[in-house]
Every structure is written in structure tokens, then in C-alpha cells.
Amino acid sequence: MDRVIIFDTTLRDGEQAPGATLNIEEKLEIARQLEKLGVDVIEAGFPVASQGDFEAVRLIAEEVKGSAICALAHADADAIDRAWEAIKKAKQPRIHVFLSSSDIHLTYQLRKGKAEMLALACEMVARAKGHVEDVEFSPMDATRTSPEFIYQIAEAVIDAGATTVNIPDTVGYTTPEEFGRLITGIFEHVPNIHKAVISVHCHDDLGLAVANSLTALASGARQVECTVNGIGERAGNASMEEIVMALSTRKDFFNLTTNIDTTRIYKISRLVSELTGFSIPPNKAIVGANAFRHESGIHQDGVIKERTTYEIMDARTIGLSSSTLVMGKHSGRHALKTRLEELGYSLSGEDLDRAFSAFKELADKKKEVTNRDLESLVAEGLRTTSEAYHLEQVQVSCGDKSVPTASVKLIAPDGTVLADAALGTGPVDAVYQAINRLVRVPNTLTEFSVTSITEGIDAIGEVTIRIESEGSVYTGRGAATDIIVASAKAYMNALNRLLAAKGKE
Ligand code: KIV
Ligand code: ZN
């Protein structure tokens, strides 16, 4: 059986989704989990894009040794040198250089001819090769480029030192049959193709990213670029969990393997959703809340008699927990540590102390603390580690005959305690107005949603919001058994992200 290289770009293309901005700790945590999941290559960021991106890639390269760490660079000498600076401490460093190849991009965006594009691509691949052995090249918008030009580019960049040639469907335009033909054509027309791995990178504008990627693999591509939950630019990228589970569930058809520990899929999907603020639709394949639920009587009857009558996958293969040990207010630190380890989080020292005190606080309010509650607690901890302003206290008074009033106390970056109060159209509005009086950053609230993490009246409520400031979108999430507190936390989370982004400019 052939092995497929899983190249995860959640931290690069995934993070390009509007509002998905992650801070450095969050990126590091996702990278650690991607390594445990067994992804072969982590595209950690685009170092020349910002100082924050550079730092995140550098830290990931220093810490994560089980996966190759890739840095993206456009076809520019400084961008390539910066990419190398960021990954030079990685155990398996890779530089990924891209340059547009389609007539549309060459004419309107780059204003270059084909010969010029080809020469620049080779020059930049050679420059990257001067730093590192493992070099990937992508002709951007490949699926709207003539196949003959793609063959020519592939041959030239392989001669210049590329070890992987990636074929991006940048705008999600291709179809499975057409894309399969392009990949087969590359094998037939590029004489030195045996010296490189063919990779594919599909976007989901027509909902075909996974189908296109799988057809390319069936046609001989051996690296697939994807993101957790399919997050990414516009409609997103090909979803990692869908590709991996399709290859594993239909081994009989594809005859391909991956290095992925599928039992970690559910957990990383939750983590990415928690940290980016991108909820998973209930009907999402593999990781949606309904993916393993049966409602119809006939289906339920079949599953009770024999699971495989209506289930093509066992929920345990993606890591849906089967643990029955109940966590509650009598559970100790050791039990929490063990359960978190079962869920894939290895916390110790101060992180475990923080998680334990949050757990005790929750267990006082809630009879049974579920795995989803614990995941939310850990994500909450990650959210508060790098905040400028900290929410110390929030209090509201509201009702059908009174004007909603809120008072808040915040700890400022210099440690001073700030307090103020405000009126609002409702309790959440009053809280946000009070916070605005203290943190004076103009912004517009564009989205607000509340979901309950588990069932029951004592469930944790999770609030996700998006705010817009000067054309950029920032997501915030907060969780608490009190939804007003969760709303305040979500707003602080979004404001802290906004402030961090402004600080980096
Ligand atoms: O979609 C795309 O073309 C990309 C490239 C940088 C590979 O993300
Ligand atoms: Zn992309």
C-alpha cells in the first residue's frame, strides 16, 4: 500500500479565514496536537506576513519535532530568507514557495509573462534550496493554468531543486474528473517527475475540495494539503478529517494509508473550533454532532441489532470517548489530570492548577462535568493566557420593568483595577457598553451566538462573537454557566485579540 503525506495548513491557510486569528499560545497548542495526531508536515505560517506569524513559526519549529515544519514564502528573496530564519531550528524544516501561473493572475496581478514567471520560480526555488533540502513549489491558480504550462513549470522547478510540486486549486474551480486528468497528465508529461512528490491543495468554493483531493490521490498524487474542519480562505480548504477517514474507511477502494492516529481527530476538531470560534455544523461529516446519531426508528432498530447496518465508521475510531467515569465535585486533581490525558491534554504545573480550580468552580455549580465541559475549560484557559485586559468581575441588573445596568471591573495591562458602569438595551449590551468605557477601542459587533455545550439546565453556555474594526474581523469566545458572564468573557477575548493584532502592526 502507498502512503499519503498529510500536509496540514490549519495554521496558515486555515488561519486566513476571516476572524480565525489565533494567538501564539493557541497556535503552539494546535501544532502540538497536530504532531500527536501524526501529520507529516505542519505548515505553521507565512513568516514574512507579520512579526506575530514569524514568532509563531519560530516557536513551533523549536518545539515540535515529530512533524516537518513548513514556512510559506511568496517568490521573493526576502520572504524566503525570512521563512528560513523562522524554521532553521526545526528538525525537519521545509520552505514552501508559491508564484501565480494562470493567465488571469499573470496579466492582472503580477503583470508578468510566462517566461518571466518560470525564470523567477526557478530562481526562488534555488534560493530556498540554498537554505534547506526540503523545498516545495506551488504554481498558484494551477487549475486555471494551461496543463502544458504546468508540465513545463513542474519540470523546471524540479530541476531547480523542488522536492514537492504542489498543484493548488486556489479558487476551488476544478472538478474531480478534470483534476484527476491534470495529475495523470503531470505523470505522463514531466520527465523528471520521479524526483518529486506531487501534492494537491484544494479549496471548497464549489464544495468539491475533498472529492478533488481524493481523485488526485487516486491518480497518483502522494501529498494532500488540508485543514482541520476544512477552515480556510472563503469556503475553506479540503477537510483533513474527511480525507483521512475516506482513505481509511474505503481502504478497499483507494489502497492508500496515512500516518494519522484517527482516534485524535475528534479532539483536534473541537480544539480548532474552540480556538478559532468557528462552530462545527451538526451535519458536518465525521465530526458534526449528528454524524453518529440515528433519529429514524428503522435506523435505530438496525443499529441496535448490528451497528454496521447504518454506520460505515465506528465512532471510537475518531476518538469519541467511551469513558463512563463521572467527574464531579468529589473528583481530585489526579482524576482530572488522568481524564484530561484521555482527552489528549497533558497539563502539569500552573496549567493544571488553573484547570483544576476552574473545574472545582464548575463542579460546584454542575452535578456532572462532562468531557465537553472539560474541553471547554481547557480552551478557556488557553484563551486567557495572553490577554491584555482581564475581566475581574461583572454584575448586571435587569428585568422587564427596569433599565438594564451593568458594572464591570477589569485588570489593565499595568495591573491597575479599572471599574465602570453603563446602561444598555439589554444586559449584554449594558456589559459591552461598560467594557467600552474602559477599553476604548472603536469596533462593531457583527455576530453574537449562544450555544449550550451539553444538555441540561446547568449546562455551560458558550458565547461566540465577532467584532469588526478597521476592516478586520476578530472572534471572541467565552464559556460559563451564566451566559452574561460568558458574553462578557467573549467580548474581552475578542478585544484582547484586536489589541494584540494592533500591537503587532
Ligand atoms: O490556495 C493556494 O493557492 C495557496 C497557495 C499558497 C498554495 O494557498
Ligand atoms: Zn490555499
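What's counted below: heavy atoms across the whole structure, side chains too, no hydrogens, waters or symmetry copies. For ligands, and for the atoms within them, numbers begin at 1 and follow the listed sequence.
- Annotation: R12 places an N or O atom under 3.5 Å from an N or O atom of ligand 1; distance criterion only.
- Residue contacts with ligand 1 for T170 involve both N, CA, C or O and side-chain atoms from C-beta outward (heavy atoms, distance under 4.0 Å).
- Looking at S67, its side chain does come within 3.5 Å of a backbone N or O of V39 through a donor-acceptor pair.
- Where the criterion is an N or O separation shorter than 3.5 Å, residue side chain and backbone included, E225 fails it with respect to ligand 1.
- In this structure, K27 contributes its side chain and A56 its backbone to no donor-acceptor pair below 3.5 Å.
- Between the side chain of N212 and the backbone N or O of L208, at least one donor-acceptor pair lies under 3.5 Å.
- Counting heavy atoms of neighbouring residues, nucleotides and ligands inside a 6.0 Å radius, atom CD of Q109 exceeds 12 of them.
- The ligand atoms of ligand 1 that sit less than 4.0 angstrom from a heavy atom of M140 are 3 (O).
- With R264 contributing its side chain and Q33 its backbone, the two residues share no donor-acceptor pair below 3.5 Å.
- Contact atoms of ligand 1 toward S138: 7 (C) (distance under 4.0 Å to a heavy atom of the residue).
- Taking 2.8 Å as the threshold, E225 does not count as a candidate ligand of the Zn ion (ligand 2), since none of its N, O or S atoms lies below it.
- In this structure, the protein non-hydrogen atom closest to atom 4 (C) of ligand 1 is H201 NE2, 3.5 Å.
- Under the 6.0 Å distance and 45° angle rule, R466 counts as a cation-pi partner of F278.
- A donor-acceptor contact shorter than 3.5 Å links the side chain of N23 to the backbone of E26.
- Around the Zn ion (ligand 2), the angle linking D13 (OD2) with H201 (NE2) is 90°, rounded to 10 degrees.
- Considering backbone and side-chain atoms together, H203 places an N or O closer than 3.5 Å to an N or O of ligand 1.
- Of all atoms in ligand 1, numbered sequentially from 1 with element shown, those under 4.0 Å from a heavy atom of D13 are 8 (O).
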